[in-house]
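One structure is given below, encoded as structure tokens.
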Number of protein chains: 2
Amino acid sequence: MADGMALTARRKRLPPEARREQIVDAAVCYFAEVGLAGTTRDLAKRAGITQALLYQYFGSKAELLEAVFARVYLDRMSPRWPALITDRNRPLRERMLTFYAEYTGAIFSYEWLRIFMAAGLAGEALNRRYLDHVRDVLLAPLLAEIRFAARPDVQPEMEDLWNLHGGIIYLGIRRHIYHLPTPDEVMPVIERAVDRFLAGFAIGH
Amino acid sequence: MADGMALTARRKRLPPEARREQIVDAAVCYFAEVGLAGTTRDLAKRAGITQALLYQYFGSKAELLEAVFARVYLDRMSPRWPALITDRNRPLRERMLTFYAEYTGAIFSYEWLRIFMAAGLAGEALNRRYLDHVRDVLLAPLLAEIRFAARPDVQPEMEDLWNLHGGIIYLGIRRHIYHLPTPDEVMPVIERAVDRFLAGFAIGH
DNA sequence: TCTTTAATTGGTCAAATGATCAACGACGGG
DNA sequence: CCCGTCGTTGATCATTTGACCAATTAAAGA
């Protein structure tokens, strides 16, 4: 009677698409926790399936990791951000704060940060492509906006913007990579950082 | 005749201390490149010794990694930095720039950053201990200095200092973890970041 | 030169791991 | 109710990998 559920729960049949989604979900969680060198057996055990079934849906572990990368990165970049950044009807400071509130809300997760960092260490080209995209689609337009608002004699460079960006991202790194205590609310810290940055280029709030 | 050197080069006997140093050196380089999941066989091959010899000097792979961690972190924290930071005979800005010039000079290396990041992902307690040390011995005194120099109505918090610190460290992360192009000279970027930071707390240069 | 010490090696074992395949059985169609 | 499809499983293989040990041999001392 006690094991009735456990026994009947075995061999649950799912439509391929749902099963594939379930596997990728479990894989994201698993590899974020133990690193990309995690084993297919442990992953299968955590997903509640057999190891052999993984190879029904993915030809190899590398292919499964590709699906994990895609799941983690796709649709985490909101297509609204470029328009938000360049909307000069709103104050620049407000645009930046809204952007970073949404951006950190999207990527400050245990899974995203750890898998992104692990991919970087593993030499995956994905990181470079992603950060090139961040630079071209988000930071470059933002830099243009700041330059437009800044005094002509104190114009920021892209490297200054990377510095602001990095200081913000580092908060997530401390929290999720190093497991260090961080403020529950990140926006007050980000707000002060953005204000210091804008003030440094003589942009009043 | 061609293989004379190669053959006679085998089985070179070294005093234990020198051999151990050589192994740790090779291990630092190897694990930084391929990650902590690298194999003892590949490491031995790269070090030019047999795999069995590793176990003459280290009881296990974990013990070898401990030695790698120790090598990477020990003596990279200069004991002069606390005194430098609190030396009120020098301008605060100059102290901060000198400190970050030396600090980044010490840790902005391929080996240090990658092994430190890999250790963080692996959940090693080392990262937390190291960063606690950074906070207590370096950032906390620095924060006190900045508060001393700042106007009483705009006092920075520790989290603001982490933000400055993170923006600087992120430069090394982009360079050595993500393999992205970064400026050859980091000090101009750091100098501007420090100036913006100090200006944000109404500290003139 | 001979002896002794111990640094070094090739060989090997057991466990772990990626990958494969024949067989099983849950579900829908007839 | 039976049958065929195909999602799923248990078993298995070939490698890889951490770890160990007896045999080898380079180097120091008498």
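Heavy atoms only: backbone and side chains are in, while hydrogens, waters and symmetry mates are out. In what follows, chains carry the letters A, B, and so on, assigned in the order in which the sequence lines appear, proteins first and then strands, with residues in each chain numbered from 1.
In this structure, CG of B/L64 is placed 14 Å from P of D/dC20, rounded to the nearest angstrom. As rounded to whole Å, 13 Å separates atom C1' of D/dG7 from atom CD of A/Q22. Distance, B/L14 CG to D/dT25 P: 18 Å, rounded to whole Å. For the pair B/L65 CG and D/dG18 C1', the computed distance is 12 Å after rounding to whole Å. Whole-Å rounding puts the B/K61 NZ to D/dC20 P distance at 15 Å. Rounded to an integer number of Å, the gap from CD of A/Q56 to C1' of C/dA22 is 13 Å. Atom pair B/R19:CZ and D/dA27:P shows a separation of 11 Å (rounding to whole Å applied).
Here A/F108 and A/Y100 keep their ring centres 6.0 angstrom or further from each other. Between B/H165 and B/Y103, the ring centre distance stays below 6.0 Å. Aromatic pair B/Y178/A/W162: ring centres not closer than 6.0 Å.
Among the atoms of the strands shown, none is found under 4.0 Å from any heavy atom of A/P15. Counting non-hydrogen atoms under 4.0 angstrom, A/Y57 reaches the backbone sugars and phosphates but no base.
Residue B/R13 places none of its side-chain N or O atoms closer than 4.0 Å to OP1 or OP2 of C/dA6. Contact annotation: A/Y55 does not reach the phosphate of C/dT20 (side-chain N/O to OP1 or OP2, under 4.0 Å).
Shown here are the side-chain hydrogen bond (donor to acceptor under 3.5 Å, both in side chains) partners of B/W81, two or more places apart in sequence or in another chain: B/E102. In this view, B/D42 satisfies the salt bridge (charged side-chain N to carboxylate O under 4.0 Å, His left out) rule with no residue, not counting sequence neighbours.
For the segment residues 29-54 of chain A, residues with any heavy atom less than 4.0 angstrom from an atom of DNA chain D are, sorted by number, A/T50, A/A52, A/L53.
Judged by distance alone, with hydrogens and angles left aside, the side-chain atoms of B/D87 form no donor-acceptor pair with the main-chain N or O of B/L84 at under 3.5 Å.
Listed candidates were C/dA26, C/dT5, C/dA19. Nearest to the side chain of A/S60 is C/dA19.
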